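Here's the structure, in structure tokens; my notes come after.
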Number of protein chains: 2
Amino acid sequence: MKTDTVFKRAFNDALDLVASLPERESLPSESALSTQLGVSRTTVRKVLAELQERGVVSGVGRHWIVQAQAAPADRFPETETVPTAAQVERRFMEWMLRDNARPGTVINELELARQFGVATTGIREFLNRFQSFGLIEKRPNTGWVFNGFTTEFALELFEIREMFELRSARTFVVLPQSSPLWRQLETLRDEHEDLLREIDRRYHDFSELDSRFHSLINAASPNRFIEGFYDIITVIFHYHYQWNKQDERQRNEVAIREHLTYLDALLRRDADAVEAACRAHLKSARETLLRSTSEPGPAGGKA
Amino acid sequence: MKTDTVFKRAFNDALDLVASLPERESLPSESALSTQLGVSRTTVRKVLAELQERGVVSGVGRHWIVQAQAAPADRFPETETVPTAAQVERRFMEWMLRDNARPGTVINELELARQFGVATTGIREFLNRFQSFGLIEKRPNTGWVFNGFTTEFALELFEIREMFELRSARTFVVLPQSSPLWRQLETLRDEHEDLLREIDRRYHDFSELDSRFHSLINAASPNRFIEGFYDIITVIFHYHYQWNKQDERQRNEVAIREHLTYLDALLRRDADAVEAACRAHLKSARETLLRSTSEPGPAGGKA
DNA sequence: TAAACGTTTTTTCTGTATAATAAACAATAT
DNA sequence: ATATTGTTTATTATACAGAAAAAACGTTTA
């Protein structure tokens, strides 16, 4: 049976929305709420019914008004608002990156399903999507093998990343003056400087800036395969840094400075400097990642 | 429930194997058969039981002998030997490439399932894997959208293909004399010349040679992401040419000649000539594909 | 008369069930 | 002893079911 995470998240969001409204204020229409909450009208109605049930709003038909502010206890816990697919992804990445699963480990759908508390269908779906990340392989009728988050993996990943990034950076440099991307690049440069100024307090904000920077570079000449590859990088880095916080502030400060060099070279349209800065930045990113890979080797235990 | 396509294929293969044996000859052991047929011993035993049932072999325990040759009617039809997943793939590619599905078409799991005669699970599994091909996109809780086999798609595909191929060709050229790949390259060259000599009769053999050629080039410095990308190319070309036979002989002859130029340049270690030949070859391959793409445009009808 | 609501239909998501297959283990024969 | 077969167990592939969510359709109200 489907989970009701969509409803629960929408409900929590609706509580926030109600909190921003004065008492006795009337609510937006169902279709307006549907757009605001990003769910269908069907779900909006379910949310509204629940809000009424709990006395947060009252009314009927097209006259809903805010009745009272909800108690914090009314919110659904965060865990119940995340869809199964996302939970499986998270748990799997955790198993892989944090528990340092050994290369060669065979993945057992049933066991993972039990371990993650979901049905095998959910595991299967995830593994099928995840296959394109190059970390697992399918043996038909037999199962899956984890190839390991190895040095080799990181090197292959960065080889492609460098090819793609250099290619995009080169096309960026020759973009006509009229391109709106130049302005976006300048804004991004400012954001980097803002962040650097407050680095001690805001260093975790870097990841988001990083991924916006690299997608802006790619926007110079969009290619769906490059974008798809960046999705892989984004997911891997996201989870990787989630469990690998040493030196985060220091690392991010270095990366911001590298970005600034890179950004300045782009803004000067200096192709050679762009290439050098890009290479240098990727080199240090690669080294960071390499520090936490496992060595390729014979199969370890089971999943 | 699982289909028994593995058993049926193994059974057909076993018939071929028996046909190559004289009457009264004893059969290989179960484990030997398991290796030869590429299935587990469990399936081998099922095959053996069926063969006995039909009077093709007789005996018991470890003494099986060929009793008679099977009638052609004993074979299972080919359609029953292909797993659901492969059937879904084939039917979907057909829908997409042959029926020229319009860009923007929304894909309905239930409808495809009915149309293909499989359960929705099978469709879902395929779509999840197929997502990385860049032709479809998922809208959570809503469904899938087909982005179209458009000119844009072909151009983006070939941009990456060219980057990857040039990179591999460049590393190939500087491979040490001692590398075994040089010998394989020479063998491949000979095979090209053989095929060219008999082109009128054997022109369909080119695809297989083509994919072996490109994977040999990639073998110069293996990278899983490049290999994964070639899987995409291989699948697309495989189905594309299956329903697009015009000029096949002529096209393949041209491609073989291009390969030969490319091969010769590699064998001479002439980097510039390699690059030129590679570019030229990919250019004509791209043009062939472009001829059969559809134009990007607004959504058509439903799936 | 168009936006908002009420109702019905369709479709996705995800759990459960089961045959087919693989794999592990035990027994037997050469 | 070791390869081969017999038996049992574990796991995957795939169908099916049912609730959640979306979408379509119809009705009402301002």
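All figures in this text were calculated on a predicted structure; none of them were measured in a lab. Throughout, a chain's letter reflects where its sequence line sits, starting with A, and its residues are numbered from 1.
Judged as a side chain to side chain contact (heavy atoms under 4.5 Å, CB included), and not counting sequence neighbours, the contacts of K138(B) are R124(B), Q131(B), W144(B). Evaluation of the ring pair (Phe, Tyr, Trp, His ring centres under 6.0 Å) rule for F146(A) yields W95(A) as partners, not counting sequence neighbours. In terms of the ring pair (Phe, Tyr, Trp, His ring centres under 6.0 Å) criterion, residue partners of F76(A) (sequence neighbours excluded) are, by chain and number, F7(A), F11(A). Residues passing the side chain to side chain contact (heavy atoms under 4.5 Å, CB included) test with E227(B) are P222(B), sequence neighbours excluded. Applying the side chain to side chain contact (heavy atoms under 4.5 Å, CB included) test to R75(A) and every residue at least two apart in sequence or in another chain returns N12(A), L15(A), D16(A), E78(A). With sequence neighbours excluded, the residues forming a side chain to side chain contact (heavy atoms under 4.5 Å, CB included) with R212(B) are L188(B), E191(B), E208(B), L209(B), listed by chain and number. Every residue two or more places apart in sequence or in another chain that forms a ring pair (Phe, Tyr, Trp, His ring centres under 6.0 Å) with F149(A) is listed here: F153(A).
Each of G143(B) and T120(A) has a nearest nucleotide on DNA chain C; the 5'-most of these lies closest to G143(B).
In summary, of the residues considered (Q87(B), M93(B), E94(B)), a side chain to side chain contact (heavy atoms under 4.5 Å, CB included) with R90(B) occurs for E94(B) alone.
Taking atom CZ on F116(B) and atom C1' on dT14(D), their separation rounds to 17 Å, with Å as the unit. Taking atom CH2 on W64(B) and atom C1' on dA29(C), their separation rounds to 17 Å, with Å as the unit. If you take CG of L37(B) and P of dA22(C), they are 11 Å apart, rounded to a whole angstrom. Residue R45(B) contributes atom CZ, which lies 16 Å from atom P of dA20(C) at whole-angstrom precision. Distance CG (N128(A)) to P (dT14(C)): 15 Å, rounded to an integer number of Å. Taking atom CG of residue N108(A) and atom C1' of nucleotide dA23(C), one finds them 12 Å apart after rounding to whole Å. I123(B) has its CD1 atom 15 Å from the C1' atom of dC16(D), to the nearest Å. When rounded to the nearest whole Å, the span between CD of E111(A) and C1' of dT12(D) equals 15 Å.
Side-chain proximity of A119(A) to dG15(C), dT14(D), dT12(C): nearest is dG15(C). When distances run from any side-chain atom of P83(A) to the nucleotides dG15(C), dA15(D), dT14(C), the shortest one goes to dT14(C). Distances were taken from every side-chain heavy atom of E109(B) (C-beta onward) to each of dT12(D), dT12(C), dT14(D); the shortest belongs to dT12(C).
Pairs engaging residues 231-242 of chain B under the salt bridge (Lys or Arg N to Asp or Glu O under 4.0 Å) rule: none recorded [sequence neighbours left out].
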Problem - Contact state string [nucleotides 18-25 of chain D, B base, S sugar-phosphate only, - no protein heavy atom under 4.0 Å] - result: BBBSBB--
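Taking only side-chain nitrogens and oxygens, T121(B) never comes nearer than 4.0 Å to OP1 or OP2 of dT14(D).
The number of heavy-atom neighbours closer than 6.0 Å to CZ of R9(B), taken from other residues, nucleotides and ligands shown, is 12 or below.
The CG atom of L51(B) sits 8.0 Å away from atom CH2 of W64(B), with the distance rounded to the nearest 0.5 Å.
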Just list the side-chain donor-acceptor pairs under 3.5 Å for residues 66-74 of chain A, sequence neighbours left out, or say none.
from, atom 1, to, atom 2, distance (Å)
Q67(A), OE1, S58(A), OG, 2.7
D74(A), OD1, R54(A), NH1, 3.3
D74(A), OD2, A71(A), N, 3.1

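Residues of residues 13-26 of chain B that place a heavy atom closer than 4.0 Å to DNA chain C do not occur.
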Please list, pair by pair, any protein nitrogen or oxygen found under 3.5 Å from a nitrogen or oxygen in nucleotides 1-4 of chain C.
none

